Amino acid sequence: MDKRTIILPAIMITLGAGWLLAALEFAADINWVWTLGLAAVGVLTFALYGWDKATAVVGPLFLTASVLSILRQTGRLRLDVELPILVMLAGVLLLAARHPRIPRPKWLIDNG
């Protein structure tokens, strides 16, 4: 089965969940479509591409951005704190992705 066929259903589920949470006024201060969209990108990164040097950075970064977005929108974290955290995390993840046990992305491997 082609993994790309999960993209549209996953996006629809995410948007629907965000819309429902907003309609039910569940934590009304949170933009659920944005927050769940960030999380969906993180999860879909692994679902579509597996585990490699690229997804080891992109997936956790988007998942963390989703959590930090909730904290910011609920007043527990300021934007001027959220952004440096994400920049530092990106650096840590980039360093971690250099580990030799994490495979290179298939699209970077030369087929010749």
Side-chain angles (χ1 to χ4, degrees):
M1 179 183 291
D2 187 0
K3 290 181 182 179
R4 291 176 289 176
T5 60
I6 70 169
I7 294 173
L8 181 59
I11 289 171
M12 291 176 71
I13 292 167
T14 301
L15 290 175
W19 189 359
L20 178 62
L21 289 169
L24 294 174
E25 296 182 4
F26 181 81
D29 297 338
I30 297 173
N31 180 341
W32 285 108
V33 174
W34 169 255
T35 302
L36 292 176
L38 290 171
V41 170
V43 171
L44 282 172
T45 298
F46 295 119
L48 293 173
Y49 302 106
W51 177 254
D52 61 35
K53 291 184 182 296
T55 62
V57 175
V58 174
L61 188 62
F62 273 90
L63 289 170
T64 303
S66 176
V67 172
L68 294 179
S69 175
I70 292 171
L71 295 175
R72 178 180 35 80
Q73 292 179 60
T74 57
R76 293 182 179 98
L77 185 68
R78 297 186 328 253
L79 181 63
D80 63 335
V81 174
E82 177 184 11
L83 294 177
I85 290 171
L86 289 172
V87 170
M88 291 187 310
L89 177 62
V92 168
L93 291 170
L94 285 167
L95 281 175
R98 295 174 46 90
H99 194 281
R101 289 196 178 233
I102 300 176
R104 293 177 62 192
K106 290 181 180 126
W107 50 270
L108 273 181
I109 298 173
D110 184 18
N111 291 330

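All values derive from a computational prediction rather than experimental measurement.
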One should read off an interatomic distance between Thr35 OG1 and Leu71 CG, to the nearest 0.5 angstrom, of 10.0 Å
Nearest heavy-atom contact between Ala47 and Lys3 is O-CD, 3.2 Å
The reported gap from CG in Leu68 to CG in Leu63 (rounded to nearest 0.5 angstrom) is 11.0 Å
Going by chain and number, the hydrophobic cluster around Val33 (ILVMFWY, side chain to side chain under 4.5 Å) further includes Ile6, Ile7, Ile11, Leu15, Leu44, Leu48, Tyr49
Starting from the C-alpha separation in whole Å, work towards a yes-or-no answer on side chain to side chain contact (heavy atoms under 4.5 Å, CB included) for Ile30 and Gln73. CA-CA 6 Å; Ile30 297 173; Gln73 292 179 60; 3.8 Å; yes
For residues 56-77, the salt bridge (charged side-chain N to carboxylate O under 4.0 Å, His left out) pairs (sequence neighbours left out) are Arg72-Glu82
CH2 (Trp19) and CE (Met12) are apart, to the nearest 0.5 Å, by 10.5 Å
Only residue of Val43, Thr45, Val41, Leu86 satisfying side chain to side chain contact (heavy atoms under 4.5 Å, CB included) with Phe62 is Val41
hydrophobic_cluster_shared for Leu94 and Val58, side chain cutoff 4.5 Å = no
In terms of heavy-atom contacts, Trp51 and Pro103 come closest through O-CG, 3.4 Å
- Measure from the side-chain N and O atoms of Thr64 to the backbone N and O of Leu61, and report whether any donor-acceptor pair falls under 3.5 Å. no
Requested in this report: Fit a plane to each ring of Phe26 and Trp32, take the angle between them on a 0 to 90° scale, and name the class: parallel (under 30°), tilted (30 to 60°) or perpendicular (over 60°).
Outcome: tilted
Residues passing the side chain to side chain contact (heavy atoms under 4.5 Å, CB included) test with Arg78, sequence neighbours excluded, are Asp80, Val81
Verify same cluster id: Leu89, Val57 (apolar side-chain graph, 4.5 Å): yes
| message | If you define the side chain from C-beta out and look only at heavy atoms, does anything of Leu21 sit under 4.5 Å from Leu36? | response | yes
Heavy atoms of Thr55 and Pro60 approach each other most closely as O-CD, 3.3 Å
Query raised in the report: Are the side chain of Ser69 and the backbone of Ala65 linked by a donor-acceptor contact shorter than 3.5 Å?
Result: no
All heavy atoms of Ala96 vs all of Ile102, minimum pair found to be O-CD1, 3.4 Å
When rounded to the nearest 0.5 Å, the distance separating NZ of Lys106 from CG of Leu108 is 12.5 Å
For Arg104 and Lys53, the nearest pair of non-hydrogen atoms, with its separation, is CG-CE, 4.1 Å
